Number of protein chains: 2
Amino acid sequence: MQIERMIRRFREAGLKITPQRVAIFEYLYTTTSHPTVDDIYAYITGRFPSVSLTTVYNTLQTMVGLGEIEEIAISHERRNFDPDTRPHSHIMCVKCKRIEDIYTDNLSENCLPESVRKRYRILGQRIYFYGLCSRCVAEK
Amino acid sequence: MQIERMIRRFREAGLKITPQRVAIFEYLYTTTSHPTVDDIYAYITGRFPSVSLTTVYNTLQTMVGLGEIEEIAISHERRNFDPDTRPHSHIMCVKCKRIEDIYTDNLSENCLPESVRKRYRILGQRIYFYGLCSRCVAEK
DNA sequence: TTTTATATTAAAATGATTACAAATTAAAAA
DNA sequence: TTTTTAATTTGTAATCATTTTAATATAAAA
Ligand SMILES: [Mn+2]
Ligand SMILES: [Mn+2]
Ligand SMILES: [Zn+2]
Ligand SMILES: [Zn+2]
């Protein structure tokens with residue numbers, strides 16, 4: 001399971017397995033959303049009332065460093081994290097801010113001309129779409 | 001010219017033309033980079049030593065509202081603005097943070113499946129690439 | 001069980017952005 | 001041109017997200 005994998009990855013990196021960290025793993029891998037720091041903190045607080053925000057920040061940063069979760073830069077208002085590291089893109093409703101996954105075979109590779117590609121060591125790519133979801137269109 | 005256009009757009013919107021605003025227009029349309037609030041503030045300060053950061057924020061926000069500049073969400077560390085509203089994408093060097101434009105005929109349209117498209121009113125899309133520029137590759 | 005290096009916590013510091021209210025000014029009206 | 005007025009600018013304070021710090025607690029090795 002994903003959680004076991006994260007525990008193993010942390011162990012391999014010489015990091016300790018703490019109940020706070022495990023709770024964060026559990027939250028990340030049992031929700032299909034793209035949680036913010038506060039989403040995660042709110043959940044963890046329910047299980048460890050004295051947990052510190054710092055712990056949440058630290059753990060997320062460590063996971064990003066291990067390449068096990070990714071930051072979604074779709075909005076400046078909030079920082080979202082994605083425990084799904086398979087290549088995929090996202091669409092966000094500009095009204096309700098919900099983020100949905102988009103899986104497609106069409107990669108953005110062909111959007112990067114050779115002339116640019118040969119001047120960079122490419123490390124990653126992201127595609128974001130913005131719109132109004134049907135729910136929000138209906139409302140207003 | 002672009003600056004004249006912005007003055008006209010502001011006038012049409014019933015907004016006043018102030019020297020601070022014009023200086024911001026000038027900076028935006030005579031630099032090819034993707035400036036941050038601080039880049040702009042630093043420049044304006046050179047011409048109006050007493051200018052307020054608030055004025056810079058307000059003017060940028062107004063211009064975004066008018067659809068005359070766009071926010072680039074390529075990084076959470078900094079907020080970049082782009083006075084070029086033609087469809088194009090960006091590549092950022094993760095080391096030196098420089099952002100380069102990418103113009104290509106290949107749109108990301110085909111990365112958005114019909115199944116998703118029919119559930120949203122699409123308003124925009126962004127493609128970001130991340131990598132190391134040749135300069136930074138050479139250095140380390 | 002003891003030891004020790006790492007992690008957690010609470011609090012303070014930092015940095016970015018927004019809110020506010022008083023002073024200034026662009027531009028319309030006279 | 002001068003007067004008027006509503007919008008804008010400014011300086012300050014408030015807010016919010018994130019990082020730093022140092023003391024305390026604890027996972028895991030010995
Ligand atoms: Mn996702
Ligand atoms: Mn650009
Ligand atoms: Zn919505
Ligand atoms: Zn670089």
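No experiment lies behind these values; they were computed from the predicted model shown. Quick note: numbers below take in every heavy atom, side chains included, and nothing from hydrogens, waters or symmetry partners. By convention in this document, chain letters (A, B, ...) are assigned in the order of the sequence lines, proteins followed by strands, and residues within each chain are numbered from 1.
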Distance col, row B:D39:CG vs B:N80:CG, nearest 0.5 angstrom, shows 8.0 Å

CG of A:L15 to OG1 of A:T62, rounded to nearest 0.5 Å, is 6.0 Å

Does a side-chain N or O of A:Q20 approach OP1 or OP2 of D:dT26 to a distance below 4.0 Å, or not?
no

If the cut-off is 4.0 Å, is B:T18 near the phosphate of D:dT8, judged by side-chain N/O to OP1 or OP2? no

Evaluate ring pair (Phe, Tyr, Trp, His ring centres under 6.0 Å) for B:Y120 paired with A:Y130, printing each intermediate quantity in order.
CA-CA 9 Å; B:Y120 283 82; A:Y130 302 84; over 10 Å; no

Whole-Å distance, B:R11 CZ to D:dT8 P, equals 12 Å

Taking every heavy atom of A:Y103 against every heavy atom of A:P87, the minimum-distance pair comes out as CD2-O, 4.3 Å

(request) Name the nucleic acid region contacted by B:R78, choosing base, sugar-phosphate or nothing; use a 4.0 angstrom heavy-atom cut-off, strictly under. (result) nothing

Separation of C:dT24 atom P from B:N58 atom CG, nearest Å, is 19 Å

Determine the contact category for B:P19: base if any of its heavy atoms lies under 4.0 Å from a base atom, sugar-phosphate if only primed atoms, P, OP1 or OP2 are that close, otherwise nothing.
-> sugar-phosphate

*Looking at B:R21, does any N or O in its side chain come under 4.0 Å of the phosphate oxygens OP1/OP2 on C:dA26?*
no

On DNA chain D, more 5' by nearest nucleotide between B:H76 and A:K16 is B:H76

